[in-house]
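Chain letters run A, B, ... following the sequence lines, proteins first, then strands; residues in each count from 1. These values consider heavy atoms only, across backbone and side chains, with no hydrogens, waters or symmetry-generated copies.
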Amino acid sequence: MPFHALVDGASPGVQVPLHLTRIPINLISTSSDLANALVKGKVVRKGPLVSVAPNDFILKAVIQEDSQPHISTQIPAINIVVFGELARDFSQCVSPGDVVMASGFTVSKSPTASKDKLHHFNLLLSEKDANIYCFCQNPSIYPRSAVARKDSCTVSAQIVNRTKAPRYTYTPLGDLKAGSVVNVYGVVVFFKQPFKSHGTDFCSSLKITDKSNHSIGCTIFCEKLEEHPKIFQNGDIVRMHRVKVQLFNNTITLVNTFGFSVVTFDGKPSGSVEPRTSSRTVHFDEEDRRRVEELQTWISSQNILLPLTNSVSLSAVQPKAYFDLTCQLLAKAPVDSTCSLLRVWDGTRCPNTFLKVDVDPNDVEGPTTFSREKESFIANVLVYDNHSEFAKQLKPGAFLRIYNLRAIPVTSKECSVTGSQSEEVEHIVFHLHGGTSYGRGIRVLPENSPDVQMLKRAIAFLTEDVGNCASELNDSELLEVWSTPPESLDDEAVECSTSKKCSSTAEGSCRLQLQRVTLSELKQSPPGQAYHVRAQLRSYEPSKLHQALKLFCSKCSSIQEIPDDERVASIFSEACKNSEDCSLPPWALSGSIKLPLPPSGAPQRTLRVHLSTQLKAEGKANELLFITGTTLEETCRLATGYKNIVPVTSSKSGLVLMDLSAPFLFRGPRRFYGCKQCSEATVRELPSRGDKLLDEKIIAEALGVQLLQFVLLMKLQLQDATDTLDVFLWKHAEVFLGVSAEDVAISQRAQNCVHETLESLCPTEGTLGLRPWLDLTLMSYRGEGEEGQMQTYYQICSSPSQDPDLQSQDA
DNA sequence: GGTTAGGGTTCG
């Protein structure tokens, strides 16, 4: 049913008001109190929509009591008459067989009772006073909209009143006929950011494909930028409504037409399907979710065929190459009338030294200088023409993706340290040439995008305080993880091994140039430094990827294992057993809900839930549910449909969270854990957040839980002609493997991606000689070993940049 | 009710 409906543009999550009381159809009469009455029935007949005036309609239908399926005859049924726009919405949204609820109705004597043998009264539903809710017979279809009611009745509801939610059909890209106007779904294989056309509008150009394997060019003209598709990378999914099919040069193309709308989705499955749109009235239902997930699955099966992303981290940039860069803007400055300088970073270090670009310090937005260490992580990007114009609106701190950057090598004369001779030095600078060829452009990424989350973690790892981490290095749990303290890079720790050169343009300041060393040389070098090595991957562990996934506490710096399901299940069953009656906190409302999708044959379970009065008052009752008395399996099943589920148990003192070895929060397939040592968990009402979406951080903070972060931890053995070396992959694991740890925790595709990366670097079959050579930046640091003695450890702090010239060299 | 663009690197 197409009811992911919005009422007057408000947010979804509509619920049947709790003060309504259901009235059986056979008890309806003129003497009944109808003010708070709710009637529920299955639509057994639906008449045509009759237009009586412009925007005024009448529709008749028959609903039948739906609660007595075992009685085959004499089921109470009643005529309903719907008026106005509500009638039109009902006509569009409700089909025979659907179950509806209605309130705010009046009754009148049925003139046809003797003929149709139905109820002696009719229900009259006017647009002004009545509400109709569509009730879904299978709660699994709309579990998100289920709400608890005080009378323990379960409803899955979405409001129909004033819903403008027609059913959409989508044309496969292989079936497009010139001249028609269609709705389509597609996977982006090429796109340009919107650019100013010579007419009145901005123009977006994109190419999409689907299972039919047709590749269709689309041109979108819209005056407002926010109406354009929000495409971040190839592989994103777009859904467009009302596009015209045209022939241009004998090729089918799509152009937007009157009533056009577009929504985009991440092409990577991440557990939740979030429509990207600035429209407040997006229509998005279960069918859409299914289509998006189907395309995501298809994309993952087409990985090899689709030229997806060209994203590269700074550490992997190859001179002369074109690439996309996801980064944070630190500072910017105009260079001249057609060119601006952007200073950006992504948490990794480019092996090449950047050309210093001279700008007037008074023109710089953001810091004019950085510490020497920080400077070595910052890239200089020159953007020209239209991009220089666009850059005027960028603010330092923003997260950007820059498309089709080019790494330009620049040779310049510099004086050596002694200052007497000049020598040729190769620098690098990134150019974003003018124009939009190859999708050249800049996009500001929203804070909540998975790529920005990953970027933030990489940057946070780079800048976090090492003292914080070092003080806890003896933690026994930490030492169990390969007996080593993973270290972080920070300004103190990075004392780079440099071949020091004085830039002739800089004020005598020294620039960092990482020297490449062999593994054997590295072992002889002093710790506490960054080194550049070229090596092959000889082996890695753990071989079972799920063992690489850990939980990390940023407060006490402990690394913890993810508890297995057996352990978590036992915590749930213990909590059930030990549960006692308790008085509810004053802010909590209590109710019950039925579990969706009971396993075949099992009776449907009703669960006791508590929800926040405040959230309910804000119309966000479904955003956070506290549940009691469930098994792990039931909790997971329930979590597929609700935003946030917090399992609790009742004790004499009131509601309490479960043992923190179990996840404290479930959302879809995601589970969130808290640190046992650092949490002071209490079940309490969440402070009002206004319009801010409840996320795990807000919930954890409110409950006094120190949120644990998913991290990946691996041990790699590197080899070159001189030696082998064990190194850890931790703080840069996400950048190195190109996935987020959180996705690895829930997505098979992310896991496959890691597996493929490792397999490509270290194939199970084949000789070592055939393995790619990797350019890597390593940090060395001192830490306490298993026996308490100090020893040197190494950690990878770059992504694997493969050296094509060395592919076939034998070690 | 549909002009604009209709992908295809590189001055800097």
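Sequence order on DNA chain B of the closest nucleotides to A:Asp385 and A:Gly439 puts A:Gly439 first from the 5' end. Of the residues near DNA chain B, A:Thr253 and A:Tyr384, the one whose nearest nucleotide (by heavy atom distance) lies more toward the 5' end is A:Thr253.
Which of B:dT4, B:dT9, B:dG6 sits closest to the side chain of A:Phe221 comes down to B:dT4. Here B:dT10 is the nucleotide among B:dG12, B:dG1, B:dT10 with the atom lying nearest to any side-chain atom of A:Arg440. Among the nucleotides B:dG12, B:dG7, B:dG2, the one closest to the side chain of A:Tyr438 is B:dG7. The side chain of A:Ser197 has B:dT4 as its nearest neighbour among B:dT9, B:dG8, B:dT4. Listed nucleotides: B:dG2, B:dA5, B:dT9. Nearest to the side chain of A:Phe195: B:dA5.
Per the geometry, CD belonging to A:Gln318 stands 22 Å off P belonging to B:dT9, to the nearest Å. Rounded to whole Å, the distance from CZ on A:Phe190 to P on B:dG7 is 9 Å. In this entry the distance linking CD1 of A:Ile216 with C1' of B:dA5 reads 17 Å, nearest Å. Spacing between atom CZ of A:Phe248 and atom C1' of B:dT4 amounts to 13 Å, rounded to whole angstrom units. As rounded to whole Å, 18 Å separates atom P of B:dG12 from atom CG of A:Asn380. As rounded to whole Å, 14 Å separates atom C1' of B:dG1 from atom CD of A:Glu223. The interatomic distance linking A:Ile402 (CD1) with B:dT9 (C1') rounds to 16 Å, in whole Å. Regarding A:Leu341, its CG atom lies at a distance of 17 Å from the P atom of B:dG12, rounded to whole Å.
In textbook terms, a nucleotide whose glycosidic angle is within 90° of 0 is syn, and B:dG8 is one such case.
Residue contacts for A:Ser437: at a heavy-atom cut-off of 4.0 Å it reaches the sugar-phosphate backbone alone, with no base atom in range. Residue contacts shown for A:Thr338 include a base, since a base heavy atom lies under 4.0 Å away. Looking at heavy-atom distances under 4.0 Å, A:Gly434 makes contact with a base. Counting any heavy atom pair closer than 4.0 Å across all strands shown, A:Lys196 reaches no nucleic acid atom. Among the protein residues, A:Cys203 comes within range of the sugar-phosphate backbone only, with heavy atoms under 4.0 Å from sugar or phosphate atoms but none that close to a base. As judged by a 4.0 angstrom heavy-atom cut-off over every strand, A:Asp336 is placed among residues making no nucleic acid contact.
For A:Tyr403 and A:Phe191, the gap between ring centers is short of 6.0 Å.
More than 12 non-hydrogen atoms from other residues, nucleotides or ligands lie less than 6.0 angstrom from CD of A:Glu226.
Using a 4.0 Å cut-off, no side-chain N or O of A:Lys244 falls inside it from OP1 or OP2 of B:dG1. Using a 4.0 Å cut-off, some side-chain N or O of A:His198 falls inside it from OP1 or OP2 of B:dA5. For the pair A:Lys192 and B:dG8, the criterion of a side-chain N or O lying under 4.0 Å from OP1 or OP2 is met.
A salt bridge is absent between A:Glu373 and A:Arg349; no separation between the charged side-chain nitrogens and carboxylate oxygens falls under 4.0 Å.
Pairs engaging residues 208-219 of chain A under the salt bridge (Lys or Arg N to Asp or Glu O under 4.0 Å) rule: A:Lys211-A:Glu294 [sequence neighbours left out].
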Using the rule given for side-chain hydrogen bond (donor to acceptor under 3.5 Å, both in side chains), can you reason through A:Asn183 versus A:Arg242, listing the C-alpha separation, both sets of side-chain angles and the distance that settles it, and then say yes or no? CA-CA 5 Å; A:Asn183 307 316; A:Arg242 288 167 290 261; 5.5 Å; no

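On a pure distance criterion of 3.5 Å, no polar donor-acceptor pair joins the side chain of A:Asn256 and the base of B:dG2.
For the C1' atoms, the distance from B:dG6 to B:dT10 is 23 Å, rounded to whole Å.
Using a 3.5 Å distance cut-off with no hydrogens or angles, the side chains of A:Asp336 and A:Thr338 do pair a donor with an acceptor.
The aromatic rings of A:His241 and A:Tyr168 lie parallel to each other, with less than 30° between the two planes, well short of the 60° mark.
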